[in-house]
Participant: 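Have a look at this one.
Order of the sequence lines sets the chain letters (A, B, ...), proteins ahead of strands, with each chain counted from 1.
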Protein chains: 2
Amino acid sequence: MMELTRKGEYAIRGIIYLAQQPPGRVSLISEIAAAAEVPQSFLAKIFQSFAKLGLVTSARGTGGGFVLARPASVITLREVVEAVEGPIVPNRCLLGSACERGGEPCRAHAVWKQVQTEVVHILDDVTIESLARNRNLDEVTMESLARNR
Amino acid sequence: MMELTRKGEYAIRGIIYLAQQPPGRVSLISEIAAAAEVPQSFLAKIFQSFAKLGLVTSARGTGGGFVLARPASVITLREVVEAVEGPIVPNRCLLGSACERGGEPCRAHAVWKQVQTEVVHILDDVTIESLARNRNLDEVTMESLARNR
DNA sequence: TATAAGGAGATAAAATTGGTCCTAAAGGTG
DNA sequence: CACCTTTAGGACCAATTTTATCTCCTTATA
């Protein structure tokens, strides 16, 4: 349950690669795909989404390619995931008022709302910069644990 | 992203109905399906899973049907969801060591672990009894008013 | 005129959302 | 006891949707 698809996985791998490049360096989709080990044609569409949402800047033609549109420190994991997977919604009932049966929202409505809030909060607190940084995961874990009290 | 399927939705609706019955009362799958407004043939399979996992007790033949195997107060939402949707896993990489690339786990590994822990914790804290209970006093009030008329 | 992204499909495989039909168990009846 | 009805168990089927790619054509640009 609640699984990220390959699209989300590839999106993260791809944008982390971009974040690891020297600032301003332009990367080709072919280069990113090779480095992140993801299918190029698939990644191309993922980066189209990124560009449309203003996460990356794209340029066509010779010398074209992709660059982060903002510093990696102000791009959150949530933005990246939602860019390709859509909003984080543990149950459809959180979208339209689609869970109303007999005039009442579904019994678990408040629980799903809580799950959504929690997950969004976690992903909002993770920047692409922190993921791109070369450090051991223990440190990252300790940090987020500390933030969460 | 991270959506519960209809199977999970139906599972919750179905077991809540069971929890709302007088203790020991046996319910037929046809009855549960009608009350919860879910396809009977689909619900039958869901309850098979419940039975196999010991969430409900089933009996065949005349007088047969389903009863909760434990008090609703000690059945958690997590158990119900995992019974039909499988373990709560926001990313495949949390299962086998399938996210290793170049000897390293994926960059976001710790984040997914944290998400998993959080969600599991929330769902573990919700009992079917709490979901089955009448939520607001207004409803109860309206009901007894209607009865007294 | 290369080059590289944008965008519109096309497609195969897998998962979802059901349904059908037969079997097995349990109770009731003559 | 034999038999019939009832009700869950289980195997299998099928339509639809989603996932995961790929291909090809267009557009912008150095």
Side-chain angles (χ1 to χ4, degrees), chain A residues 1-15 18 25-34 36-69 81 83-87 89 91-92 98, chain B residues 1-15 18 25-34 36-69 81 83-87 89 91-92 98:
Chain A
M1 182 216 178
M2 319 201 107
E3 262 176 57
L4 198 71
T5 66
R6 282 178 208 282
K7 195 151 118 184
E9 181 75 31
Y10 295 163
I12 296 168
R13 297 231 289 261
I15 206 160
L18 257 203
R25 160 103 198 284
V26 173
S27 303
L28 302 185
I29 199 69
S30 54
E31 173 195 340
I32 306 170
E37 293 174 56
V38 316
Q40 179 176 334
S41 63
F42 202 2
L43 193 67
K45 290 212 229 186
I46 291 168
F47 270 70
Q48 266 179 44
S49 305
F50 286 168
K52 233 177 274 181
L53 283 162
L55 259 53
V56 304
T57 305
S58 69
R60 306 196 224 189
T62 313
F66 294 93
V67 193
L68 289 187
V81 169
V84 297
E85 307 256 15
V89 170
N91 190 341
R92 312 180 212 282
Chain B
M1 182 216 176
M2 320 202 109
E3 264 176 55
L4 197 70
T5 66
R6 282 177 207 284
K7 196 151 120 186
E9 182 73 32
Y10 295 164
I12 296 169
R13 298 230 290 260
I15 206 162
L18 257 203
R25 159 105 198 284
V26 174
S27 304
L28 302 185
I29 199 69
S30 54
E31 174 196 339
I32 306 170
E37 293 176 57
V38 316
Q40 180 176 333
S41 63
F42 203 3
L43 192 67
K45 290 203 239 187
I46 291 168
F47 270 70
Q48 267 180 42
S49 305
F50 285 167
K52 233 176 275 181
L53 283 163
L55 259 53
V56 304
T57 305
S58 69
R60 304 197 228 190
T62 315
F66 296 93
V67 192
L68 290 187
V81 168
V84 298
E85 306 256 14
V89 169
N91 190 340
R92 313 179 212 279

Participant: Go through dG7(C), dT17(C), dG10(D) for me and flag the one nearest to the Gln48(A) side chain.
Facilitator: dG7(C)
Participant: Output the rounded distance in Å from CD1 (Ile29(B)) to P (dG19(C)).
Facilitator: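 Roughly 13 Å, once rounded to whole Å.
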Participant: Expressed as a whole number of angstroms, how long is the span from Phe42(B):CZ to dT16(C):C1'?
Facilitator: 7 Å
Participant: Just how far, in rounded Å, is C1' of dA5(C) from CG of Leu18(A)?
Facilitator: 14 Å
Participant: Look at all strands and tell whether Lys45(B) reaches a base, only sugar-phosphate, or nothing, counting heavy atoms closer than 4.0 Å.
Facilitator: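 Lys45(B): base contact, heavy atoms under 4.0 Å.
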Participant: Taking the side chain as everything from C-beta on, heavy atoms only, tell me whether Ile15(B) gets closer than 4.5 Å to Ile32(B).
Facilitator: no
Participant: Taking atom C1' of dT18(D) as reference, at what distance in whole Å does atom CD of Glu85(A) sit?
Facilitator: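 Computing the Glu85(A):CD to dT18(D):C1' distance gives 12 Å.
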Participant: Would you check if there is a donor-acceptor pair between the side chains of Glu3(A) and Asn91(B) at a distance under 3.5 Å?
Facilitator: no
Participant: Check the distance between dG19(C)'s P and Arg6(B)'s CZ and give it to me in whole angstrom.
Facilitator: 13 Å
Participant: Expressed in angstrom and rounded to an integer, what is the separation of Lys7(B) atom NZ from dA14(C) atom C1'?
Facilitator: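 Atom-to-atom, Lys7(B) to dA14(C), this comes out as 14 Å.
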Participant: Calculate the interatomic distance between Phe50(A) atom CZ and dG7(C) atom P; express it in whole Å.
Facilitator: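 From Phe50(A) CZ to dG7(C) P: 15 Å.
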Participant: How far does NZ of Lys45(A) sit from CD1 of Ile29(A), to the nearest 0.5 angstrom?
Facilitator: 12.5 Å
Participant: Give a yes or no on whether the backbone of Thr5(B) and the side-chain of Glu85(B) come within a donor-acceptor separation of less than 3.5 Å.
Facilitator: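 Yes: the side chain of Glu85(B) pairs with the backbone of Thr5(B).
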Participant: Please name the pair of heavy atoms, one in Val26(B) and one in Gly64(B), separated by the smallest distance, quoted to 0.1 Å.
Facilitator: CG1-O, 3.2 Å
Participant: Using a 4.0 Å heavy-atom cut-off, does Tyr10(A) contact any base of the nucleic acid, only the sugar-phosphate backbone, or nothing at all?
Facilitator: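 Sugar-phosphate contact only.
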Participant: Under a 4.0 Å N-O cut-off, is there an ion pair linking Arg13(B) with Glu37(B)?
Facilitator: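 No, Arg13(B) and Glu37(B) are not salt-bridged.
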Participant: Distance check, rounded to the nearest 0.5 Å: Ser58(A) atom OG versus Phe66(A) atom CZ?
Facilitator: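 It is 5.5 Å, given to the nearest 0.5 Å.
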Participant: Dot-bracket notation for DNA chain C is requested: 5' to 3', Watson-Crick or G-U wobble pairs only, both distances under 3.5 Å, with ( ), [ ], | and . as defined.
Facilitator: ||||||||||||||||||||||||||||||
Participant: Does a nitrogen or oxygen in the side chain of Thr5(A) sit under 4.0 Å from OP1 or OP2 of dA20(D)?
Facilitator: yes
Participant: Which part of the nucleic acid does Ser41(A) contact within heavy-atom distance under 4.0 Å: base, sugar-phosphate only, or nothing?
Facilitator: base
Participant: Decide yes or no on side chain to side chain contact (heavy atoms under 4.5 Å, CB included) for Val56(A) and Val67(A), but give the supporting numbers first.
Facilitator: CA-CA 6 Å; Val56(A) 304; Val67(A) 193; over 6 Å; no
Participant: Please list, in numerical order, the residues of residues 53-64 of chain B that have a heavy atom closer than 4.0 Å to any atom of DNA chain C.
Facilitator: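 Correct list: Arg60(B), Gly61(B), Thr62(B).
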Participant: Could you tell me whether Phe66(B) contacts a base, only the sugar-phosphate backbone, or nothing, with contacts defined as non-hydrogen atoms closer than 4.0 Å?
Facilitator: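 Since only primed, P, OP1 and OP2 atoms lie under 4.0 Å of Phe66(B), the category is sugar-phosphate.
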Participant: Can you tell me how far apart CD (Glu9(A)) and CD1 (Ile46(A)) are? Round to the nearest 0.5 Å.
Facilitator: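 The CD atom of Glu9(A) sits 10.0 Å away from the CD1 atom of Ile46(A).
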Participant: Round to a whole Å and report the spacing from NZ of Lys52(A) to C1' of dA5(C).
Facilitator: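 Computing the Lys52(A):NZ to dA5(C):C1' distance gives 12 Å.
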